[in-house]
Amino acid sequence: QVQLVESGGGSVQAGGSLRLSCAASEYIYRSNCMAWFRQAPGKERQGVAEIYTGTRATNYADFVEGRFTISTDNAKNTLYLQMNSLKPEDTAMYYCAADNPHRGCTWSLRPYDYTYWGQGTQVTVPS
């Protein structure tokens with residue numbers, strides 16, 4: 001069964017930190033491109049960061065500006081997003097996504113490159 005289950009969202013003051021987690025079923029975790037996306041109300045889904053689990057190569061959206069780090073724990077089949085220096089404009093629902101295994105990453109942070117999606121976890125940074 002293919003599963004992506006996010007956790008770790010919440011409300012944090014500007015300048016604070018959160019770590020999001022995404023537990024993945026083993027089928028879609030191994031040798032796969034995985035990513036974090038976000039979507040604010042009334043806006044399109046936006047790529048945040050992506051990683052290839054086999055090599056741990058990464059790609060980030062420009063707006064991250066070194067504040068976020070995507071990583072993996074192979075022993076736990078888990079994807080993480082460490083978010084520091086959070087801003088009110090980071091407020092959104094954050095989604096974990098995965099492609100089909102062994103296809104590699106396009107490194108374009110496009111939602112339609114990803115097949116599997118979690119249910120999302122809300123991040124709120126009050127202004």
Side-chain angles (χ1 to χ4, degrees):
Q1 183 179 3
V2 174
Q3 274 194 316
L4 294 170
V5 181
E6 300 102 330
S7 61
S11 182
V12 62
Q13 291 185 341
S17 299
L18 281 174
R19 188 177 81 158
L20 307 183
S21 300
C22 173
S25 52
E26 185 168 359
Y27 167 73
I28 58 172
Y29 180 85
R30 299 297 174 183
S31 298
N32 202 359
C33 197
M34 299 187 71
W36 289 98
F37 287 81
R38 68 185 189 183
Q39 189 166 20
K43 295 188 177 181
E44 293 185 352
R45 192 162 294 192
Q46 180 183 41
V48 178
E50 54 194 348
I51 187 168
Y52 188 69
T53 60
T55 62
R56 295 179 174 169
T58 59
N59 178 44
Y60 293 91
D62 290 343
F63 65 80
V64 168
E65 299 175 324
R67 300 179 297 127
F68 300 172
T69 302
I70 189 171
S71 64
T72 58
D73 184 334
N74 290 346
K76 298 180 179 180
N77 292 349
T78 300
L79 176 72
Y80 300 101
L81 185 68
Q82 177 67 43
M83 302 187 294
N84 300 325
S85 302
L86 282 161
K87 306 175 182 179
E89 51 263 44
D90 294 319
T91 295
M93 185 72 79
Y94 282 71
Y95 297 92
C96 171
D99 195 2
N100 284 301
H102 304 293
R103 287 181 56 180
C105 294
T106 64
W107 303 118
S108 299
L109 286 170
R110 299 174 303 197
Y112 56 80
D113 285 333
Y114 289 86
T115 303
Y116 305 105
W117 293 85
Q119 82 288 352
T121 185
Q122 179 68 37
V123 172
T124 303
V125 187
S127 55

Can you classify the ring geometry of Phe37 versus Tyr114 as parallel (below 30°), tilted (30 to 60°) or perpendicular (above 60°)? perpendicular

Distance-only, no hydrogens or angles: does the Ser21 side chain make a donor-acceptor pair with backbone N or O of Ser7 under 3.5 Å? no

Interatomic spacing from CG in Asp90 to CE in Met83 - rounded to 0.5 Å: 7.0 Å

Separation between CZ (Arg38) and CD (Gln122), nearest 0.5 Å, reads 11.5 Å

Check for a donor-acceptor pair, side chain of Arg45 on one end and backbone N or O of Arg110 on the other, with a separation under 3.5 Å. no

Supply the atom-to-atom distance Ile70 CD1 to Asn59 CG, rounded to the nearest 0.5 angstrom. 9.0 Å

Trace of the side chain to side chain contact (heavy atoms under 4.5 Å, CB included) decision for Gln3 with Asn77: CA-CA 11 Å; Gln3 274 194 316; Asn77 292 349; over 6 Å; no

Are Leu86 and Phe63 in one and the same hydrophobic cluster, where Ile, Leu, Val, Met, Phe, Trp and Tyr link if side-chain heavy atoms are under 4.5 Å apart? yes

All heavy atoms of Cys96 vs all of Glu6, minimum pair found to be N-OE2, 2.7 Å

To the closest 0.5 Å, what do you measure between CG (Leu79) and CD1 (Ile51)? 7.0 Å

Which heavy atom of Pro101 sits nearest to which heavy atom of Ile28, and what is that distance? CG-CA, 4.1 Å

Val123 and side-chain contact (heavy atoms from CB on, under 4.5 Å): which partner among Leu81, Thr91, Leu20? Leu20

Of all heavy-atom pairs linking Ala35 and Glu50, the shortest is CB-CB, 3.7 Å

Path from Tyr116 to Trp36 over hydrophobic side-chain contacts below 4.5 Å: yes

Could you tell me if the side chain of Asp113 sits less than 4.5 Å from the side chain of Asp99, heavy atoms only? no

Worked check of side chain to side chain contact (heavy atoms under 4.5 Å, CB included) between Glu89 and Val125: CA-CA 8 Å; Glu89 51 263 44; Val125 187; over 6 Å; no

Side-chain donor or acceptor of Ser127 paired with backbone N/O of Pro88 under 3.5 Å: no

Say you draw a straight line from OG1 of Thr78 to CG of Leu4; how long is it, rounded to the nearest 0.5 Å? 10.5 Å

Compare every heavy atom of Val48 with every heavy atom of Tyr94, then report the nearest pair and how far apart it is. CE2-CG2, 4.3 Å

Looking only at heavy atoms, the pair that brings Arg67 and Ser85 closest together is NH1-O, 3.1 Å

Roughly how far, to the nearest 0.5 Å, is the CE atom of Met93 from the NZ atom of Lys43? 15.5 Å

Is atom NZ of Lys76 surrounded by more than 12 heavy atoms (other residues, nucleotides or ligands) closer than 6.0 Å? no

Restricting to non-hydrogen atoms, name the atom on Gln119 and the atom on Tyr95 that form the minimum distance, rounded to 0.1 Å. O-CE2, 3.6 Å

Does one side chain, of Arg103 or Asn32, offer a donor that lies under 3.5 Å from an acceptor on the other? no

Partners of Arg19 by side-chain hydrogen bond (donor to acceptor under 3.5 Å, both in side chains), sequence neighbours excluded? none

What do you reckon, is CD of Gln13 surrounded by more than 12 foreign heavy atoms closer than 6.0 Å? no

